[in-house]
Amino acid sequence: MTGADYNFPSVEDYEPYIGPEAVRRIRTKAKQFKNHLVTHINSTYYGGGVAEMLSSVTLLMNDLGIKTGWRLIKGLPSFFVVTKKMHNALQGGDFEFNQREIDLYEAVLYENSLRMNLNHDFVVVHDPQPLGLIKHFRKKGPWIWRCHIDMSQPNQQLWDYLQPYVEEFDAAIFSMEQYKRRLRTPQVLFMPAIDPFTLKNKQLSEKEMDEKLKEYNIPTDLPLVTQVSRYDRWKDPEGVIEAYKIARKEVDCTLILLGNTATDDPEGQEVYESLLEAQDDRTLLMACGDDTALVNTLQARSAVVMQKSVREGFGLTVTEAMWKGTPVIGGNVGGIPAQISDGFNGFLVNSPQEAAERLVTLLKDENLRCRMGEKARESVKEKFLMTRLVEQYIDLFASFETQYRCTLPF
Ligand code: UDP
């Protein structure tokens, strides 16, 4: 097989969704960066929204002629315990960091920097795990910190430690206006986006979906209600189960929690095990979320998708389900209200009780589900497709061109 036998989307494939004018505009903008070297750095190749997006962003940028790579930082589980704690603390968790943890963070990043030769025109560092790399490099071009986390109330001790790193960057990108911080670094806003051509998001045939459901023995006699998420407390799986139990007193359905564990998230197994006692023949806790065709099938075939997070940087699972025309009940936090307009293309909720009420309303009203689902898909088409995100990166790169290159000391 040669490269030509594989079929990866090109920006022209988006034309039915974004129109020929937008395709032309993006191609034209990208020309100025032809053969420029860009690298994205994060800490996991799969599991979670960052890896999901990088996979498509990097391919589409290469399609546009920008030589874009993707590097991972490596670390032992003890390193990822510290960085997951950082992630939790930045989302507002109450944690103290001791010197041993900080030393470990710094040592692992230093080690990574030794084998990471970076001579790129642009470097984009994602989230806190690789943030501290910056102090070990002499920049050739702008470095950008892309923060995907809900930063509305970060833990102060940790932020005091991380802020000087962030201020060494030339720009910081956040997902929502309310995550921006008081920083010397210029800050911009990019909301995440999905790739409609991946196995996760493309239209599967009815037969393929039937087979997927059968493969995992998922019962289809009652409506399906699904939450797809890493097993993480911020995703509030307990709240979903509670809402389901309340709703089931009025309308029968099958609940599925589908999750996976990212390599940089050491807490998943523990959270998963803590939920197992809730499992019965109508409450399925599945850990096979790396099967992306299964994720697609459940998002498409469920009567309702839940994303009852209590903190959520953005919530790509919401976007993915909306793209499939499925109404979503989402926690009224973080990036979810930027996607769901309450009562229009889904519902926003603040408690398990409210989630249960909305679930009953939706399960009892197929017309409402269809109407909301259609509007949901339309809003993703307008705002959350990958081409918009790639164009924002190109615009950001362009904004540095004159100013940055004139001030470099070499
Ligand atoms: N995901 C998956 N399988 C799972 C759980 C999550 O493929 O079992 C994917 C999900 O489809 C989405 C991403 O991981 O693409 C999660 O992104 P989101 O922004 O919702 O949450 P994060 O994990 O980044 O906090």
Side-chain angles (χ1 to χ4, degrees), residues 42-57 80 83-84 86-88 90-93 126-129 146-151 174-176 179 190-202 212 216 218 226-237 240 256-269 271-272 275 284-300 302 305-324 326 328 330-331 333-336 338-340 380 384-386 389:
N42 82 318
S43 58
T44 180
Y45 177 64
Y46 74 92
V50 180
E52 183 76 20
M53 274 185 289
L54 280 179
S55 171
S56 298
V57 163
F80 291 115
T83 57
K84 180 69 203 272
M86 286 183 168
H87 174 105
N88 288 338
L90 288 177
Q91 296 217 126
H126 294 257
D127 277 346
Q129 299 93 332
R146 199 319 179 198
C147 176
H148 298 265
I149 294 175
D150 178 342
M151 290 280 286
F174 294 95
S175 298
M176 302 286 293
Y179 303 162
F190 290 10
M191 282 201 250
I194 60 160
D195 177 342
F197 303 104
T198 55
L199 181 56
K200 169 138 339 143
N201 291 318
K202 72 178 189 183
K212 239 335 134 189
Y216 287 95
I218 295 171
T226 301
Q227 174 156 303
V228 177
S229 277
R230 286 180 295 107
Y231 283 104
D232 180 323
R233 301 268 177 229
W234 299 113
K235 310 285 183 184
D236 198 20
V240 176
I256 300 176
L257 295 184
L258 175 66
N260 63 0
T261 312
T263 49
D264 61 349
D265 181 355
E267 293 173 345
Q269 188 61 25
V271 174
Y272 173 68
L275 298 168
L284 312 183
L285 270 94
M286 304 179 70
C288 40
D290 291 333
D291 183 340
T292 44
L294 176 64
V295 173
N296 186 336
T297 300
L298 285 173
Q299 289 171 333
S302 291
V305 161
M306 311 275 293
Q307 191 54 58
K308 222 211 85 30
S309 308
V310 287
R311 282 274 197 287
E312 189 61 76
F314 180 72
L316 270 186
T317 49
V318 174
T319 336
E320 290 161 359
M322 288 172 73
W323 177 243
K324 287 146 199 149
T326 304
V328 181
V333 293
I336 298 179
Q339 304 185 66
I340 296 179
V380 175
F384 301 119
L385 294 184
M386 197 51 68
L389 180 58

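Both counts, for ligands and for their atoms, begin at 1 and track the order of listing. In what follows, residues are counted from 1 in the order of the sequence shown.
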By number and element, which atoms of ligand 1 are closer than 4.0 Å to a non-hydrogen atom of [X]?
| X | value |
| --- | --- |
| G289 | 2 (C), 3 (N), 4 (C), 7 (O), 8 (O) |
| T317 | 10 (C), 12 (C), 20 (O) |
| G315 | 19 (O), 20 (O) |
| G48 | 13 (C), 14 (O), 16 (C), 17 (O), 23 (O), 24 (O) |
| E320 | 10 (C), 11 (O), 12 (C), 15 (O) |
| E52 | 15 (O) |

Please find the pair of heavy atoms, one from [X] and one from [Y], that lie closest to each other, and give the distance.
| X | Y | result |
| --- | --- | --- |
| R311 | G92 | NH2-CA, 4.1 Å |
| S56 | T198 | OG-CG2, 4.0 Å |
| F174 | M151 | CE2-CG, 4.2 Å |
| I340 | G330 | CD1-N, 3.9 Å |
| G289 | V295 | O-CG2, 3.5 Å |

Give yes or no for whether the N/O distance cutoff of 3.5 Å, strictly under, is met between [X] and ligand 1.
| X | answer |
| --- | --- |
| Q299 | no |
| G49 | yes |
| K200 | yes |

Counting heavy atoms under 4.0 Å, the part of P192 that contacts ligand 1 is neither
Of the side chain and backbone of R230, name the one, both, or neither that has a heavy atom under 4.0 Å from an atom of ligand 1. both
Identify which one of E312, Q307, K235, Q227 satisfies the side-chain hydrogen bond (donor to acceptor under 3.5 Å, both in side chains) criterion when paired with T317. Q307
Who's closest to [atom] heavy-atom-wise, of [options]?
| atom | options | result |
| --- | --- | --- |
| atom 19 (O) of ligand 1 | L316, D290, V228, I194 | L316 |
| atom 22 (P) of ligand 1 | H148, Q227, K235 | K235 |
| atom 8 (O) of ligand 1 | G268, G334, G259 | G259 |

Side-chain H-bond candidate by donor/acceptor type, Q299 with T226, under 3.5 Å: no
For residues N260 and Y46, is any side-chain donor paired with an opposing acceptor at under 3.5 Å? no
Is any side-chain heavy atom of W234 closer than 4.5 Å to a side-chain heavy atom of V333? no
So which heavy atom in the protein is nearest atom 5 (C) of ligand 1, and how far is it from that ligand atom? N260 OD1, 3.3 Å
Determine, stepwise, if the pair L54 / Y45 fulfils side chain to side chain contact (heavy atoms under 4.5 Å, CB included). CA-CA 9 Å; L54 280 179; Y45 177 64; over 6 Å; no
Less than 4.0 Å is my threshold; does some heavy atom of T292 fall inside it relative to ligand 1? no
